[in-house]
Number of protein chains: 2
Amino acid sequence: MLRDNRGHGMSDGVTVKKAVRSKADSAGRSKETASRRAHNRLPQLLDQAAQVFAKHGYAAASVRDIVRPIGMLPGSLYYHFQTKEDLLAAVYREGVQRISANVDAAIEAADGPWQRLEAACVAHLSSVLDRTDYSSVVIRIRPSDAPDAAAELSVLRNAYEARFDKLVAELPLDASVNRRDLRLLLMGAMNWSQTWYREGGELEPEEIARRFVGLLKLNSIENKGGS
Amino acid sequence: MLRDNRGHGMSDGVTVKKAVRSKADSAGRSKETASRRAHNRLPQLLDQAAQVFAKHGYAAASVRDIVRPIGMLPGSLYYHFQTKEDLLAAVYREGVQRISANVDAAIEAADGPWQRLEAACVAHLSSVLDRTDYSSVVIRIRPSDAPDAAAELSVLRNAYEARFDKLVAELPLDASVNRRDLRLLLMGAMNWSQTWYREGGELEPEEIARRFVGLLKLNSIENKGGS
DNA sequence: AACAAAAACGAACGATTGTTTGGTTAAGTG
DNA sequence: CACTTAACCAAACAATCGTTCGTTTTTGTT
């Protein structure tokens, strides 16, 4: 069970114990808000992690795959994060933040219930299909992929999706249609598009979103005919 | 780099070399079609692989996770399959076969274009959400997860999905609706349901499928009103 | 009863995994 | 300028990964 014991120290017990960020932050709001250190590759680290997680999923993405493209060593990751799951959580948080901002801005700029939903879907799908964006991670990775972070990820996800609940609630729909069904249908289709959409195709994400919404508009209250 | 060299042979080069199944089969159609061996746990192996792949995905599912529940040792898998990817391919093939059979039977038992589509969707979603079924693997695992088998998996998947192309092509739709959009919307929503559906919920898979199709029926040619 | 093949076992293999740790360097502060 | 510390390196770690291989047991055939 034991291998070769080469000889570097571990003499006393006063280990340095760094990397206690991520939870203890945003507490006292000390004086370092603006400056930070110059040689800090945390942003590039997050960018790369987002890209690799989005492309290969969580389990298939190794720490070395993430860290190599930015010329960092695998151990250096653990100065910024305690575990690989914490790294995912950070990317996921940023992803939810970005897609939420995009969608909220789109909603506010639109008038009328169907227009607001359409604008939100355009923003959602654009984010989801943009592989440089953190948002695609939020859609691709299931919370259960990272058991220790699963609870937080689920909360983040639900908080984001609640927007669409509200949007659908405001639609003037025929009494026979279940609003939850309509939301699941629409968002499921958009989220699943990650599996078939390829960049450079004929249709832009924005147009796809508009068409999806368009296929559901007939459920408005003014339409009554049908089979 | 080298560990302890304990002493079991490897004297000559006449190794046994088994496990050449899977590709070389179905060639001469020898005499063993019916009998097979009694103590053969290949079916249980496939069952378990399907379950673990469907639950955790391909990368997160280790060979030992698959093999332990049936009391098999990890090395024994390689009597039946050459690689882990080959195991996935076998499960995937069986999954496509089963879901295809279910859907085809449902289609044949229904009359009328919308009824046929609905029947197909009911069968599709029931299979997709049944965690004991191989079909859920076909939906959950992306071909790109197993690079060496990706080409075959894609072919299988496309061949299956072509059914829905045909069903949608036969719908009496308004001229303004793009049939590909409608298919992507419907199937995307169904496939994505794997991420939110939990067994024992209020709605059965069959009812979900019917509702999804119902939300799209208004795009029939006889409906013209609306904004 | 003799033999062959199927279907495993048992025990490792080398490679890769996420992670730890002591040391090093550069940037910011007094 | 000395000094602190954020940000990393270098090198390993134990555990687990997919896989190999000689051997053994079980089963069917003759």
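Heavy atoms only: backbone and side chains are in, while hydrogens, waters and symmetry mates are out. We name chains A, B, ... by the order of the sequence lines, and we start the count at 1 in each one.
Residue pairs meeting the salt bridge (Lys or Arg N to Asp or Glu O under 4.0 Å) criterion with at least one partner in residues 183-194 of chain B, sequence neighbours excluded, are B/D165-B/R183.
With sequence neighbours left out, the ring pair (Phe, Tyr, Trp, His ring centres under 6.0 Å) criterion links B/Y58 to B/F53. Qualifying side chain to side chain donor-acceptor pair (under 3.5 Å) partners for A/R163, counting only residues two or more places apart in sequence or in other chains: A/D104. The side chain to side chain donor-acceptor pair (under 3.5 Å) search around A/S144 returns none, not counting sequence neighbours. Remark: A/E161 pairs with A/R157 by the side chain to side chain donor-acceptor pair (under 3.5 Å) rule, at least two apart or across chains. Qualifying side chain to side chain contact (heavy atoms under 4.5 Å, CB included) partners for B/A60, counting only residues two or more places apart in sequence or in other chains: A/A59, B/H56. For A/Q48, there are no side chain to side chain donor-acceptor pair (under 3.5 Å) partners at least two apart in sequence or on another chain. Residues satisfying the salt bridge (charged side-chain N to carboxylate O under 4.0 Å, His left out) criterion with B/E199, sequence neighbours excluded, are B/R131.
For residues 43-60 of chain B, proximity to DNA chain C is found at no residue, defined as any non-hydrogen atom under 4.0 angstrom from a strand atom. If you check residues 143-151 of chain B against DNA chain D, you find no residue with a heavy atom closer than 4.0 Å. At a non-hydrogen distance threshold of 4.0 Å, A/R64, A/G71, A/M72, A/L73 from residues 61-75 of chain A come into contact with DNA chain D.
Within the structure, every side-chain polar atom (N or O) of A/H39 is placed at least 4.0 Å from both OP1 and OP2 of D/dA6. Taking 4.0 angstrom as the limit, A/R41 places a side-chain polar atom (N or O) nearer than this to OP1 or OP2 of D/dC9. The side chain of B/H80 contributes an N or O atom lying less than 4.0 Å from OP1 or OP2 of C/dA8. Between A/S76 and D/dA7 there is no side-chain N or O to OP1 or OP2 distance below 4.0 Å.
Nearest nucleotide to the side chain of B/Y79, out of C/dC9, C/dG18, C/dA7: C/dA7. Nearest nucleotide to the B/Y78 side chain, out of D/dC8, C/dT19, D/dT19: D/dT19.
Residue B/L77 contributes atom CG, which lies 18 Å from atom P of C/dA6 at whole-angstrom precision. The CZ atom of B/F81 sits 11 Å away from the P atom of C/dA8 (whole-angstrom rounding). Look at NZ on A/K84: it is 15 Å from P on C/dT20, rounded to the nearest Å. Remark: C1' of C/dT19 and CG of A/L87 are 14 Å apart, rounded to the nearest angstrom. The CG-P distance, from B/N40 to C/dA5, rounds to 18 Å in whole Å.
The side-chain tip of B/R180 points at the ring of A/W196 from less than 6.0 angstrom away and within 45° of straight on.
With no hydrogens or angles considered, a side-chain donor-acceptor pair links B/S62 and B/D65 at under 3.5 Å.
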Please output the side-chain donor-acceptor pairs of residues 119-128 of chain A that fall under 3.5 Å, not counting sequence neighbours, one pair per line with the distance.
{"from": "A/H124", "atom 1": "ND1", "to": "A/Y160", "atom 2": "OH", "distance (Å)": "2.6"}
{"from": "A/H124", "atom 1": "NE2", "to": "A/N191", "atom 2": "OD1", "distance (Å)": "2.8"}
{"from": "A/S126", "atom 1": "OG", "to": "A/V122", "atom 2": "O", "distance (Å)": "2.7"}
{"from": "A/S126", "atom 1": "OG", "to": "A/E206", "atom 2": "OE2", "distance (Å)": "3.1"}
{"from": "A/S127", "atom 1": "OG", "to": "A/N102", "atom 2": "ND2", "distance (Å)": "3.0"}
{"from": "A/S127", "atom 1": "OG", "to": "A/A123", "atom 2": "O", "distance (Å)": "2.9"}

